[in-house]
Amino acid sequence: MSPTVSDLKIWQIVKAIPKGSILSYGEVARRAGYPKGARQVARALKIAPEELNLPWHRVVGAGHRISIPADSAAFKRQVRLLKREGFVVKGRRIVVAEISSLDRALWG
DNA sequence: CAAATGACGGGGT
DNA sequence: AACCCCGCCATTT
């Protein structure tokens, strides 16, 4: 598959997520101008060229859940990268202490 | 062309 | 929390 214009836009947005913060697939989709495109965001990340060095691990499911299949290598990789940035991860979940810090996590 | 798929989301049980 | 169900939609079967 070759990248579409929407893929480029999605990559651009993910690229701009600051270290230490996370966004949901749906949120990235909205910011890219595709309010119903959460699944397309997931696809765009999956096919993203490695050399773009996208911080794909900062994109999680709504409700702070890691959406990658828990048995995959990519899952473990995402957990490791998130912890490296200070997040507390329990199983497939990203724990956020306060409500206010939740907002901060959603965009620095 | 019809059916299945999925790194999704929101609601309900 | 753990499921199930349905809407959504580009891609792939």
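Naming convention: chains lettered A, B, ... in sequence-line order (proteins, then strands); numbering from 1 in each chain. The basis for the numbers below is simple: all heavy atoms, side chains too, and nothing from hydrogens, waters or symmetry mates.
The closest donor-acceptor contact from the side chain of A:W11 to the backbone of A:L54 lies at 3.5 Å or more, if one exists at all. For A:R93 (side chain) and A:R65 (main-chain N/O), no donor-acceptor pair under 3.5 Å exists by modelled atom type. Side-chain N or O atoms of A:Q78 include one that pairs as donor or acceptor with a backbone N or O of A:V59 at under 3.5 Å.
In the 5' to 3' direction, nucleotides of DNA chain B lying under 4.0 Å from heavy atoms of chain A begin and end at B:dG6 to B:dG10. For DNA chain C, the outermost nucleotides in 5' to 3' order that have an atom under 4.0 Å from a heavy atom of chain A are C:dA1 to C:dT12.
With sequence neighbours excluded, the residues that form a side chain to side chain contact (heavy atoms under 4.5 Å, CB included) with A:R80 are A:R77, A:R84. Residues passing the side chain to side chain contact (heavy atoms under 4.5 Å, CB included) test with A:S72, sequence neighbours excluded: A:I68, A:P69, A:A74, A:F75. The side chain to side chain contact (heavy atoms under 4.5 Å, CB included) check on A:A42 picks up A:Y25, with sequence neighbours excluded. When the side chain to side chain contact (heavy atoms under 4.5 Å, CB included) test is applied to A:S6, the partners found at least two apart in sequence or on another chain are A:T4, A:Y34. Under the rule for a side chain to side chain donor-acceptor pair (under 3.5 Å), the partners of A:R58 that lie at least two apart in sequence or sit in another chain are A:E85. Taking A:Q12 as the reference, nothing meets the side chain to side chain donor-acceptor pair (under 3.5 Å) condition, with sequence neighbours excluded. Annotation: side chain to side chain donor-acceptor pair (under 3.5 Å) contacts of A:R30 (sequence neighbours excluded): A:E27.
Of the residues in residues 71-82 of chain A, not one comes within less than 4.0 Å of DNA chain B through any heavy atom. Within residues 32-49 of chain A, the residues having any heavy atom closer than 4.0 Å to DNA chain C are, in order of number, A:K36, A:R39, A:Q40, A:R43.
A:R30 comes within contact range of no nucleotide atom at all, as no heavy-atom separation falls under 4.0 Å.
Within the structure, every pair that satisfies the side-chain hydrogen bond (donor to acceptor under 3.5 Å, both in side chains) test and touches residues 35-56 of chain A, not counting sequence neighbours, is listed here: A:D7-A:R43.
Within the 4.5 Å cutoff, no side-chain heavy atoms of A:L23 are placed close to those of A:V60.
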